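Heads up: the structure comes next, in structure tokens.
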Amino acid sequence: MSHPYRSHTCGELRRANDGENIRLSGWVHRVRDHGGVLFIDLRDHYGITQVVADPDSPVFKVANELRAEFVIRIDGKVTKRDDDLINPKLATGDIEVFVEDLQVLAKADELPLPVFGEPDYPEETRLTYRFLDLRRESLRQRILLRADVIAALRRLMGERGFVEFQTPILTASSPEGARDFLVPSRIHQGKFYALPQAPQQFKQFSVIAGFDKYFQIAPCFRDEDPRADRSPGEFYQLDIEMGFATQEDVFAVIEPVMREIFEEFGQGHPVSSSFPKIRYRDAMRRYGTDKPDLRNPLEMEVVSSHFADSNFKIFASLLKKEGTEIRAIPAPKGGSRRFCDRMNVFAQKEGLPGMGYVFWRAEDNDIVGAGPLAKNIGRERTEAIRQQLGLEVGDAAFFLGGRPSSFEAFAAKARDRIAHELDLIEQDQFKFCWIVDFPMFERDPDSEEIGFSHNPFSMPQGGMEALETENPLDVMGYQYDIVCNGVELSSGAVRNHKLECLYKAFELAGHNRAFVDTNFSGMVNSLKFGAPPHAGIAPGIERIVMLLAGVDNIREVTMFPLNQRAEDLMLGAPSHPTNQALRELGLRMTKKD
RNA sequence: GCGGUCGUAGCUCAGCCUGGUUAGAGCGCUGGCCUGUCACGCCAGAGGUCGCGGGUUCGAACCCCGUCGACCGCGCCA
């Protein structure tokens, strides 16, 4: 036996190895002690093999001392199992190994976190003992899935002529965007680096430098509060930028990459054959959100005309104000008072006064709307609404009114809730779409001032001419999001590579040239020396893997995540610096009040 | 910064609404028994400041106030 630890792995032995003398190393997954005979499930990266010890074995006594997660090396003989003893759940279930020698390579204390059986454990424990958590099959498989996805992305991008570059981690603070992580400079005391929120500027420089197709599995750092689908601190993007490219060129690259990834790793669930393009404005109107879940078939419709000057005074008077409308969420098969009341209560819990509804039932061979709202507006208007929404007996519709911005967020939730309750969500598939034509500018509701609504560096549709002649609020950008099952996977844009046009865009957002020159000097400079038209996108890696793995928490697809309070419980980060470190950096701590 | 939910054995949870003997169950752990299990089985045992502090009460896991923590959400994330 030449190797000190193993001749085979724990996932390798088959019936064909019957009779061989072999050596295995691994963790004691589980011991089943029958007094006279002892079964040890031995586990390594590759699988589990059943090891058997009986009183005839020279190491029977040692085997009796084994506990969960001991690391051992065994020598033994592979034996074919009798037909009635085969374990079909194990890849190695046709055989077992009779142990002849056994060495304990490392003992294990009583476990703070069991590996076998994977019982639910508090996340704090799982993060403190992440190395144990990672021994558990389900987390382990998700981390391996992530690795496979990243490897496939590299392959797919490479096949398309994209070249992977590394960009700086110690870089400059960007005045726009999220909070930066700052790193103090020792050489320049009092100055700080910032960790990149994304390699946004570097990827543009790459293309401006003439590298036609850039990509990177890029680490991004943002000091913002976490959510279930948003890790505190750091995350990864498939960062892409292309020279001489239009919006359509970016779509043409990303669509097949996404489709291949989701088809290969998506548990066989079907993937949209084409990715429909939905204008931002239409998405907000139909779904109340710019990241619609297209597995949900419900679409809102504007039904203002049916309520104008009607006897439903709340809506009728509402509609007299500027910028208001009434929208209906159809609810096929939701036509019971019970269901409608439940949704109304849901609306009230969400802070609305309520949600009006009509439901339709059969009456004397006729379809009649029921509910207080139907009574108020009368039979004709109720019927017109039914016709518009294409609803039948047994269906219902819910109504929201006011300025769209005041109810759209709730409408999106309600649409989601209604579809879930009525079981209308199409399960087990990936439905993609593009959201396009985002507005370049928006009016701040408080200050009334016009600012960028998205990325200031995006190319406005219509270019300079549009900026000079159109109402800024009507100008749209070449900006786009890719959305899958209601999850925003990424944003992208055609970049504004014309300096004059960039100045003009900032001017409309209330910033003069000096502001742009000061805050974006690198970008401004790069546009002065022959910047090609270019465009890009950056899908979030974790979001993709979450969808593929079917989990709704980003920490379930991250090997060593920070907790909700942005702490590393294993290594104790963040931690206090030493006085010497502070001195070298020229920093002094002050007390927080 | 704000809101919601939760906090009882190492873990998952019951008990709390309606205060009253010794706070229970399953899993895990320890010991014993068991020669074919693979979620092995059987017997026994250890293990609790009911998150913490205060209040009400003759009496608090239970009611009230405060506080700490976890998770989820809002703000934030161009």
Side-chain angles (χ1 to χ4, degrees), chain A residues 29-43 48-57 60 64 67-69 79 81-90 92-96 98 108-129 174-180 197-198 200-201 220-235 349-351 409-410 413 438-442 444 451-458 477 479 481 488 491-493 505-506 509 511 519-520 538 540 552-555 563-565 567 569:
Chain A
H29 190 58
R30 182 76 170 160
V31 180
R32 288 175 299 279
D33 181 356
H34 287 250
V37 63
L38 199 61
F39 300 98
I40 302 154
D41 289 341
L42 192 64
R43 184 196 74 239
I48 288 178
T49 300
Q50 175 163 283
V51 174
V52 187
D54 63 23
D56 297 337
S57 167
F60 185 66
N64 263 299
R67 295 287 176 274
E69 299 307 304
T79 309
R81 297 199 201 185
D82 290 344
D83 286 348
D84 55 335
L85 294 178
I86 286 173
N87 184 353
K89 291 182 199 158
L90 285 186
T92 61
D94 281 347
I95 57 93
E96 58 196 4
F98 274 86
D109 289 349
E110 189 184 328
L111 301 170
L113 178 75
V115 175
F116 171 78
E118 304 195 26
D120 281 352
Y121 255 61
E123 192 159 38
E124 194 173 354
T125 309
R126 294 181 55 198
L127 293 177
T128 306
Y129 300 96
S174 132
E176 296 287 331
R179 224 173 272 124
D180 284 317
Q197 294 180 22
Q200 179 61 39
Q201 301 192 73
C220 304
F221 305 91
R222 294 178 192 177
D223 188 6
E224 295 295 345
D225 289 347
R227 292 287 182 276
D229 64 349
R230 209 168 76 198
S231 56
E234 55 191 69
F235 61 97
K349 275 191 185 147
E350 293 286 326
F410 171 76
K413 265 189 201 175
F438 281 85
M440 270 303 281
F441 304 96
E442 63 187 7
D444 186 291
F452 289 111
S453 64
H454 243 58
N455 183 337
F457 299 103
S458 300
Q479 295 176 163
D481 282 2
E488 184 192 316
S491 300
F506 270 88
H511 300 292
N519 289 290
F520 309 105
D552 52 16
N553 192 304
I554 199 163
R555 294 183 295 275
N563 70 3
Q564 188 83 348
R565 294 175 59 195
E567 296 164 318
L569 296 178

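Just so you know, these numbers use all the heavy atoms, side chains as well, and skip hydrogens, waters and symmetry mates. Just so it is clear, the model here is predicted, and its values are computed rather than measured. Just so it is clear: chains get the letters A, B, ... in the order the sequence lines come, proteins before strands, and each one is counted from 1.
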Between protein and nucleotides 5-9 of chain B, what N or O pairs are separated by less than 3.5 Å?
none

(message) Using heavy-atom distances to pick each residue's nearest nucleotide on RNA chain B, tell me which of Phe98(A) and Ser453(A) is more 5'.
(response)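 Result: Phe98(A).
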
(request) Select from Ala68(A) and Asp120(A) the residue whose nearest nucleotide in RNA chain B is closer to the 5' end of that strand. (result)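 Its nearest nucleotide being more 5', the pick is Asp120(A).
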
Pick the [atom1] atom in [N] and in [M], then give their distance to the nearest Å.
N       : M       : atom1 : value
rA60(B) : rG75(B) : P     : 44 Å
rU12(B) : rG7(B)  : P     : 11 Å
rC68(B) : rA23(B) : P     : 31 Å
rC17(B) : rU21(B) : C1'   : 22 Å
rG54(B) : rC11(B) : P     : 25 Å
rA9(B)  : rC62(B) : P     : 15 Å
rG19(B) : rG3(B)  : P     : 30 Å
rU22(B) : rC33(B) : C1'   : 30 Å

(request) With salt bridge (Lys or Arg N to Asp or Glu O under 4.0 Å) as the test, would you mind laying out the steps for Arg32(A) and Asp41(A) before giving the verdict? (result) CA-CA 8 Å; Arg32(A) 288 175 299 279; Asp41(A) 289 341; 2.9 Å; yes

Would you classify [X] as touching base, sugar-phosphate or nothing, given that sugar-phosphate means primed atoms plus P, OP1 and OP2, and contacts are heavy atoms under 4.0 Å?
X         : value
Arg126(A) : nothing
Glu123(A) : sugar-phosphate
Glu442(A) : nothing

Please determine, for the side chain of [X], which listed nucleotide ([options]) has the closest atom?
X         : options                   : answer
Glu110(A) : rG10(B), rC29(B), rU37(B) : rC29(B)
Phe116(A) : rA39(B), rC77(B), rG1(B)  : rA39(B)
Val37(A)  : rU35(B), rC29(B), rG73(B) : rU35(B)
Pro122(A) : rC71(B), rC76(B), rC11(B) : rC11(B)
Pro55(A)  : rU35(B), rC38(B), rG69(B) : rU35(B)
Gln564(A) : rA70(B), rC71(B), rG36(B) : rC71(B)
Asp225(A) : rU37(B), rG28(B), rG1(B)  : rG1(B)
Asp41(A)  : rG36(B), rC38(B), rC74(B) : rC38(B)

Contacts table for residues 109-121 of chain A: side-chain donor-acceptor under 3.5 angstrom, sequence neighbours left out:
| residue | atom | partner | partner atom | Å |
| --- | --- | --- | --- | --- |
| Glu118(A) | OE1 | Ser138(A) | OG | 2.4 |
| Glu118(A) | OE2 | Glu137(A) | N | 2.8 |
| Glu118(A) | OE2 | Ser138(A) | N | 3.0 |

Looking at the base of [N], is there any donor atom on it, or on the side chain of [X], that sits under 3.5 Å from an acceptor on the other one?
X         : N       : result
Arg230(A) : rC76(B) : yes
Asp82(A)  : rG36(B) : no
Arg565(A) : rG69(B) : no
Arg222(A) : rC77(B) : no
Glu224(A) : rG75(B) : no

Distance check: side-chain N/O of [X] vs OP1/OP2 of [N], anything under 4.0 Å?
X         : N       : answer
Arg32(A)  : rU37(B) : no
Lys89(A)  : rA39(B) : yes
Arg227(A) : rC76(B) : no
Arg81(A)  : rU37(B) : no
Asn553(A) : rC72(B) : yes

(message) Run the salt bridge (Lys or Arg N to Asp or Glu O under 4.0 Å) test against Arg555(A) and tell me which residues pass, sequence neighbours left out.
(response)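 Listed in chain order: Glu123(A).
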
(message) Parallel, tilted or perpendicular: which one describes the rings of Phe520(A) and Phe506(A), with boundaries at 30° and 60°?
(response)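 Plane angle between 30° and 60°, so tilted.
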
Only pairs with both distances under 3.5 Å count, Watson-Crick or wobble alike; so what is the partner of [N] in this structure?
N       : value
rG1(B)  : rC74(B)
rU37(B) : none
rG45(B) : rC29(B)

(request) Could you list the residues that satisfy side-chain contact (heavy atoms from CB on, under 4.5 Å) with Ala538(A), not counting sequence neighbours? (result)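 Listed in chain order: Lys203(A), Gln237(A), Asp239(A).
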
(request) Check ring pair (Phe, Tyr, Trp, His ring centres under 6.0 Å) between Phe410(A) and all other residues, then give those that pass, not counting sequence neighbours. (result)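 For Phe410(A) the ring pair (Phe, Tyr, Trp, His ring centres under 6.0 Å) partners, ignoring immediate neighbours, are Phe346(A).
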
Listing time: all N or O pairs from protein to nucleotides 31-34 of chain B that are below 3.5 Å?
| residue | atom | partner | partner atom | Å |
| --- | --- | --- | --- | --- |
| rC34(B) | N3 | Asp33(A) | O | 3.1 |
| rC34(B) | N3 | Gly35(A) | N | 3.2 |
| rC34(B) | N4 | Asp33(A) | OD1 | 3.3 |
| rC34(B) | N4 | Asp33(A) | OD2 | 3.4 |
| rC34(B) | N4 | Gly35(A) | N | 3.3 |

(message) More than 12 heavy atoms of other residues, nucleotides or ligands under 6.0 Å from OH of Tyr129(A): yes or no?
(response)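 No.
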
